[in-house]
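For reference, the structure discussed in these notes is given below.
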Amino acid sequence: MEISTNGIKKTKTGFSTGADELEKMRGLHPIIVLIQEHRELSKLVNTYIDALPELVNKETGRVHTSFNQTVTATGRLSSTNPNLQNIPARTEMGKEIRKAFVVEKGNKLLSLDYSQIELRLAAHMSGDKKMIKAFKDGADIHKATAAEINGVNLEDVTSQMRREAKAINFGVLYGQGPHGLARTADISYLEAREFIDNYFTVYTGVQKYVDDKIKEARKKGYVETLFKRKRFLPEINSSVVMVRKSAERMAVNTPLQGTAADMIKIAMIQIFEQIKDKDIKMLLQVHDELIFEIPKNKVEKYAEKIKEIMENVIKLRVPVVVDVAQGDNWGEV
DNA sequence: TTAGATAGCGCG
DNA sequence: AAAGCGCGCTATCTAA
């Protein structure tokens with residue numbers, strides 16, 4: 001059988017066998033699925049199941065990460081030795097690994113995460129009327145976007161349409177083009193191009209935000225967050241198209257990702273300052289989420305308090321919403 | 001034998 | 001030719 005290699009990405013030394021490429025090859029040969037399954041399993045075994053138990057501290061019986069404050073370009077923290085910001089969550093098997101993170105008896109794990117924070121910041125910073133209204137109305141933002149760009153009523157939005165809209169909402173924050181959207185939304189290039197056109201026609205404020213950030217970066221040489229954290233982008237004026245486009249995407253994304261990072265850091269400080277109860281342990285920060293360990297009988301008392309602090313770090317033109325969950329292990333929350 | 005680069009993939 | 005932002009870890013290949 002002749003196998004078409006059209007469209008399969010190349011690396012320096014040959015054909016790419018990355019997950020995206022394997023997905024394109026599904027059905028061409030029975031071995032592809034086996035490779036995909038092996039990839040998923042070996043990743044989980046090597047990176048988590050075998051590695052994490054080795055890092056359990058003898059004294060405490062726990063794993064202790066290090067949070068680095070001065071490594072990322074946007075102001076986020078990073079986590080090393082082990083990285084506890086990339087523990088599996090998206091697949092069923094991944095969640096099984098999360099379940100291995102348990103609290104001490106009598107305690108609960110309390111998780112609070114900012115809901116759609118970067119998209120809400122996009123609404124705020126762009127001032128886009130439609131997007132602000134959607135968030136103010138407490139709408140399902142992806143569904144609302146689907147209705148807008150397809151020109152249909154909310155009740156006529158199909159799950160397919162919502163999936164595509166979700167992909168475009170995320171993609172926009174990253175400066176994704178038609179090619180990338182076609183891939184993540186699993187639609188044709190032409191459909192993707194039309195979607196993006198429609199999106200910016202509907203959300204004119206967002207279009208303006210994108211243009212303004214690029215202009216600002218060109219003029220000043222940097223962009224900044226709402227809290228004035230700067231990121232310099234010297235390549236914004238590069239004559240090499242690819243390099244310049246890359247800097248432009250950073251100019252669009254950094255104020256959003258960076259402001260979200262600023263917000264959660266400020267919340268962490270305020271929580272430290274305002275809650276002096278030694279029974280509460282702030283265990284982890286995973287970019288838009290804080291995880292605490294608290295005695296069962298104090299969960300109710302503090303969950304609301306922490307939520308309030310997180311939601312009121314800054315007043316935006318849209319609501320800042322924090323979702324709360326609790327459980328006996330990380331897989332449950 | 002080892003250090004560095006590359007490919008791949010886990011998370012938000 | 002590449003077409004999506006930000007990270008860190010593992011296995012494997014490459015060069016010294």
Side-chain angles (χ1 to χ4, degrees), chain A residues 7-23 35-36 38-52 54-55 65-91 93-95 97-98 111 113-119 121-122 167-185 189 192-193 196 210 213 223 225 229 231 233 240-261 264 284-291 330:
Chain A
I8 303 298
K9 200 166 39 170
K10 300 288 281 293
T11 65
K12 271 190 170 179
T13 50
F15 288 106
S16 165
T17 71
D20 290 349
E21 310 308 315
L22 288 179
E23 193 54 40
I35 294 172
Q36 289 178 310
H38 180 268
R39 285 275 176 83
E40 183 182 359
L41 260 37
S42 61
K43 177 80 180 183
L44 297 179
V45 167
N46 291 326
T47 309
Y48 306 103
I49 296 174
D50 285 349
L52 284 172
E54 297 298 316
L55 295 165
T65 186
S66 296
F67 285 110
N68 310 295
Q69 294 188 275
T70 55
V71 299
T72 70
T74 57
R76 277 185 172 183
L77 301 182
S78 84
S79 161
T80 57
N81 298 311
N83 180 357
L84 294 185
Q85 289 179 325
N86 75 342
I87 301 302
R90 293 172 186 176
T91 67
M93 241 179 299
K95 277 183 197 139
I97 293 174
R98 241 169 218 239
S111 162
D113 67 285
Y114 284 107
S115 163
Q116 306 285 4
I117 187 60
E118 289 186 25
L119 212 44
L121 285 168
I168 201 172
N169 270 331
F170 278 112
V172 162
L173 307 185
Y174 305 144
Q176 191 178 47
H179 181 275
L181 180 64
R183 188 165 53 76
T184 55
Y189 179 85
R193 209 169 61 186
I196 293 173
V210 170
K213 283 303 148 189
V223 290
T225 68
R229 178 191 303 279
R231 179 179 187 180
L233 298 167
V240 183
V241 177
M242 286 247 307
V243 171
R244 188 174 65 247
K245 292 284 181 198
S246 170
E248 289 176 0
R249 292 192 295 270
M250 293 174 194
V252 172
N253 177 259
T254 295
L256 301 170
Q257 185 181 127
T259 301
I264 197 165
L284 292 177
Q285 187 254 45
V286 191
H287 308 307
D288 64 355
E289 172 185 20
L290 292 177
I291 297 165
W330 201 0

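Only a predicted model underlies this, so the values are computations on that prediction, with no experimental measurement involved.
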Between A:Arg76 and A:Glu118, is the closest basic N to carboxylate O distance under 4.0 Å? yes
Kindly give the heavy-atom pair with the smallest separation between A:Pro178 and A:Ala192, and that separation in Å. O-CB, 3.3 Å
Start with the C-alpha distance between A:Thr17 and A:Arg39, add both sets of side-chain angles, then the distance that settles side chain to side chain donor-acceptor pair (under 3.5 Å), and finish with yes or no. CA-CA 11 Å; A:Thr17 71; A:Arg39 285 275 176 83; 2.8 Å; yes
With a 4.0 Å cut-off on heavy atoms, is A:Ser79 in touch with a base, just the backbone sugar-phosphate, or nothing at all? sugar-phosphate
5′-ward residue of the pair A:Asn81/A:Leu173 relative to DNA chain C: A:Leu173
Which listed nucleotide (B:dG12, C:dC5, B:dG8) is nearest to the side chain of A:Ser16? B:dG8
Touch check for A:Gly171, heavy atoms < 4.0 angstrom, all strands: base, sugar-phosphate only, or nothing? nothing
Tell me what A:Ala51 touches on the nucleic acid: a base, only sugar-phosphate, or nothing, going by heavy atoms under 4.0 Å. sugar-phosphate
Looking only at side-chain atoms of A:Met242, point me to the closest of C:dA2, C:dC5, B:dG8. C:dA2
Stacking check: are the rings of A:His179 and C:dA3 less than 5.5 Å apart at their centres and under 30 degrees in tilt? yes
So which of A:Leu173, A:Leu119, A:Thr74 actually passes side-chain contact (heavy atoms from CB on, under 4.5 Å) with A:Leu256? A:Leu173
How would you label the contact of A:Arg231 with the nucleic acid (heavy atoms, under 4.0 Å): base, sugar-phosphate, or nothing? sugar-phosphate
Determine the contact category for A:Asp113: base if any of its heavy atoms lies under 4.0 Å from a base atom, sugar-phosphate if only primed atoms, P, OP1 or OP2 are that close, otherwise nothing. nothing
Pick base, sugar-phosphate or nothing for A:Thr17, based on heavy-atom distances below 4.0 Å to the nucleic acid. sugar-phosphate
Have a look at A:Val252 and say if it touches a base, only the backbone sugar-phosphate, or nothing, with a 4.0 Å heavy-atom cut-off. nothing
Return the nearest nucleotide to the side chain of A:Arg39; candidates are C:dC9, B:dC9, B:dC11. B:dC9
A:Met250 vs A:Tyr189, nearer the 5' end of DNA chain C by closest nucleotide: A:Tyr189
Checking all strands, does A:Ala261 fall into the base, sugar-phosphate, or nothing category for heavy-atom contacts under 4.0 angstrom? nothing
For B:dG10, does the base pair up with any side-chain atom of A:Arg90 as donor and acceptor (N or O, under 3.5 Å, distance only)? no
Any luck finding a side-chain donor-acceptor pair between A:Asn68 and A:Ser78 under 3.5 Å? yes
If you check the A:Arg76 side chain, which of B:dC11, C:dG6, C:dC9 turns out closest? C:dG6
Does B:dG8 have a Watson-Crick or wobble mate here (both distances under 3.5 Å), and if so which one? C:dC9
Ranking B:dG12, C:dC5, C:dG8 by distance to the side chain of A:Lys43, first place goes to C:dG8
For the base of B:dG10, is there a side-chain donor-acceptor partner from A:Asn86 under 3.5 Å away? yes
Using a heavy-atom cut-off of 4.0 Å across all strands, would you classify A:Ile87 as base, sugar-phosphate, or nothing? sugar-phosphate
Base, sugar-phosphate alone, or nothing: which one does A:Arg249 contact when heavy atoms must sit under 4.0 Å apart? sugar-phosphate
